[in-house]
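Keep in mind that the numbers below use all heavy atoms, side chains included, and drop hydrogens, waters and symmetry copies. Here is the naming used below: chain letters follow the sequence lines, and residue numbers restart at 1 for every chain.
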Number of protein chains: 2
Amino acid sequence: MEKKKPAGQPDKRQAIINGALALFARDGYTRASLDAIAAEAGVSNRTIYNHFNDKAELFQTVIQESTQRVADTVVDVIDRHLSKVVDLETDLVDLGLAWLAVLTSDLAPHFALIRQINAETEHIPPAALRLWQDTGPGRVRRELAARLRQIADRGHLTIDDPTRAAGHLMLLISADNLADRAMLNDKDEVTAMVSAGVHVFLYGYKR
Amino acid sequence: MEKKKPAGQPDKRQAIINGALALFARDGYTRASLDAIAAEAGVSNRTIYNHFNDKAELFQTVIQESTQRVADTVVDVIDRHLSKVVDLETDLVDLGLAWLAVLTSDLAPHFALIRQINAETEHIPPAALRLWQDTGPGRVRRELAARLRQIADRGHLTIDDPTRAAGHLMLLISADNLADRAMLNDKDEVTAMVSAGVHVFLYGYKR
DNA sequence: ACCCGATTACATCGTCCGTTGCATTTCATG
DNA sequence: CATGAAATGCAACGGACGATGTAATCGGGT
């Protein structure tokens with residue numbers, strides 16, 4: 001009784017977006033059919049067109065939604081680990097582990113979606129592409145850069161270009177992830193990767 | 001007379017592979033139609049089926065061919081810059097610049113193809129995926145790791161895991177490339193990125 | 001000049017997909 | 001209970017695409 005279906009507008013739209021995210025992430029824009037998305041969302045094909053004008057609009061909406069969600073969580077992870085630094089190395093390692101935990105969380109499909117975006121670059125309107133860059137990875141990068149600047153100002157590191165340093169740290173933390181994603185399931189390998197990455201970052205920007 | 005069309009087998013197959021590479025790289029596996037590939041290759045649709053059983057086989061062939069080509073050149077770049085080291089930092093920077101030059105050379109489509117592969121992971125037979133990993137990025141990584149081990153043995157660096165170090169160097173050299181590929185056209189930005197990346201790598205693995 | 005395999009143009013089949021129209025059903029609201 | 005907006009099921013369209021068959025054409029090797 002609690003979850004009776006409200007025939008009205010409420011959460012159908014969200015269900016569509018979630019289902020579309022799952023299929024776009026796995027199959028890509030072209031391969032993911034609207035019928036399959038409708039089935040995944042537990043919704044009629046026709047209903048999708050009551051909420052979105054066409055497939056492209058749905059795709060862009062999915063990108064924005066998912067990007068917003070993930071950016072929020074990652075920014076939160078950054079703030080939680082770098083707002084007050086006690087021991088820089090262990091704090092950075094913890095940050096890296098928490099970061100990678102997001103990759104295997106329920107937000108995992110988002111990162112498959114990102115790979116789709118990176119592949120579809122030529123077929124996505126540049127405006128949407130810039131918007132994504134700015135509210136997604138760009139925002140995370142800026143947040144991390146700001147934290148690094150604080151840390152540098154306290155004399156722990158020497159950073160001339162915090163934005164670039166933020167990029168370096170992001171890459172070093174998840175280095176092997178780009179080569180072999182299956183490794184994310186081995187806890188020991190993950191900590192080894194993060195520790196090594198943080199170590200290089202720390203000594204690379206030492207003093 | 002020199003370039004008379006030999007109606008026979010010779011280079012049609014190569015033309016098909018080249019055309020398919022161009023279209024697969026830009027449009028992805030599903031979006032790239034065989035008619036478009038045939039047109040791009042200056043070849044009849046039917047001829048493609050004289051050389052390949054189906055679209056999937058053509059795709060895998062293209063991946064193997066292009067991967068082989070690019071891995072050869074990149075390995076060559078590595079050997080040319082790290083076989084004899086005079087000044088490690090400038091040699092690494094030169095390596096990085098030569099590396100990035102490949103990304104904008106005539107082999108550029110290959111890296112768009114890689115993004116397609118990364119997106120299509122779920123739809124490519126694992127065997128083909130492993131083969132690609134091994135003959136492509138894996139081979140490059142091993143080659144670079146071997147060179148780094150030599151350098152470390154001579155006392156210039158402290159490297160416990162050369163393979164991981166190779167991964168770090170590859171990422172640090174092309175750091176910003178993942179975020180903004182348009183930057184590859186600005187020579188100053190490229191050298192700044194490479195210099196910064198090499199610097200972090202060098203001090204990160206300093207003895 | 002002849003032959004044979006490669007190539008081509010063309011036509012076709014079956015399928016899937018995006019999109020729309022329409023009639024029907026569902027349910028919260030008043 | 002009546003109303004209306006939202007959702008659904010169904011059918012259909014136009015188009016694109018992978019794949020195959022066939023007959024004609026081309027061009028080099030004997």
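- Within 6.0 Å of CZ on B:R149 lie no more than 12 heavy atoms contributed by other residues, nucleotides or ligands.
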Pairs under 3.5 Å (N/O, protein and nucleotides 23-25 of chain C):
none

Ring pair (Phe, Tyr, Trp, His ring centres under 6.0 Å) between B:F59 and B:Y29, intermediate numbers included: CA-CA 7 Å; B:F59 189 55; B:Y29 178 78; 5.0 Å; yes
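- Separating the CD atom of B:Q14 from the C1' atom of C:dT7 is a distance of 18 Å, rounded to the nearest angstrom.
- With respect to the salt-bridge test (charged N to carboxylate O, under 4.0 angstrom), the residues B:D79 and B:R147 qualify.
- Here the nucleotide nearest the side chain of B:Y49, chosen from D:dG18, C:dT19, C:dG21, is D:dG18.
- Within 4.0 Å of A:A32, counting heavy atoms only, lie sugar-phosphate atoms of the nucleic acid but no base atom.
- In the set D:dG18, D:dT22, D:dA7, the nucleotide with an atom closest to the side chain of B:K55 is D:dG18.
- The nearest whole Å value for the distance from the CD1 atom in B:I48 to the C1' atom in C:dA6 is 15 Å.
- What separates OH of A:Y29 from P of C:dG18 is a distance of 8 Å, to the nearest Å.
- Screening A:D76, A:D134, A:D72 against A:R139 for a salt bridge (Lys or Arg N to Asp or Glu O under 4.0 Å) leaves a single residue, A:D72.
- Between B:R69 and B:E65 a salt bridge is recorded (basic side-chain N to carboxylate O distance below 4.0 Å).
- The side chain of A:K12 has D:dA7 as its nearest neighbour among D:dG18, C:dA9, D:dA7.
- Out of C:dA9, D:dC17, C:dC22, the shortest distance to the side chain of B:S33 is found at D:dC17.
- Computed from coordinates, the A:D27 CG to C:dG18 P distance equals 11 Å when rounded to whole Å.
- Within 4.0 Å (heavy atoms only), A:N45 reaches at least one base atom of the nucleic acid.
- Remark: B:H51 is not in phosphate contact with C:dA6, judged by side-chain N or O atoms under 4.0 Å from OP1 or OP2.
- Salt bridge annotation for B:R115-A:E120: absent, with no cationic side-chain nitrogen under 4.0 angstrom from a carboxylate oxygen.
- For A:D94 and A:R80, the salt-bridge test fails: no basic side-chain N is under 4.0 Å from an acidic carboxylate O.
- Residue B:L34 places its side chain closer to D:dG18 than to any other of D:dG18, C:dA9, D:dA7.
- Taking atom CD of A:E57 as the reference point, atom P of C:dT19 lies 10 Å away to the nearest angstrom.
- The separation between B:L23 atom CG and D:dC17 atom C1' is 14 Å, rounded to whole Å.
- At the phosphate of C:dT8, OP1 or OP2 sits under 4.0 Å from a side-chain N or O atom of B:T47.
- Between A:R46 and A:T30, the residue anchored nearer the 5' end of DNA chain C, judged by the nucleotide with its closest heavy atom, is A:T30.
- In this structure, of C:dT7, D:dT8, D:dG21, it is D:dT8 that holds the atom nearest to the side chain of A:N50.
- A straight line from CZ of A:F52 to P of C:dT20 spans 15 Å, rounded to a whole angstrom.
- For the pair A:S33 (side chain) and A:A36 (backbone), a donor-acceptor distance under 3.5 Å is present.
- Between the P atom of C:dC16 and the CG atom of A:D35 lies a distance of 11 Å, rounded to the nearest Å.
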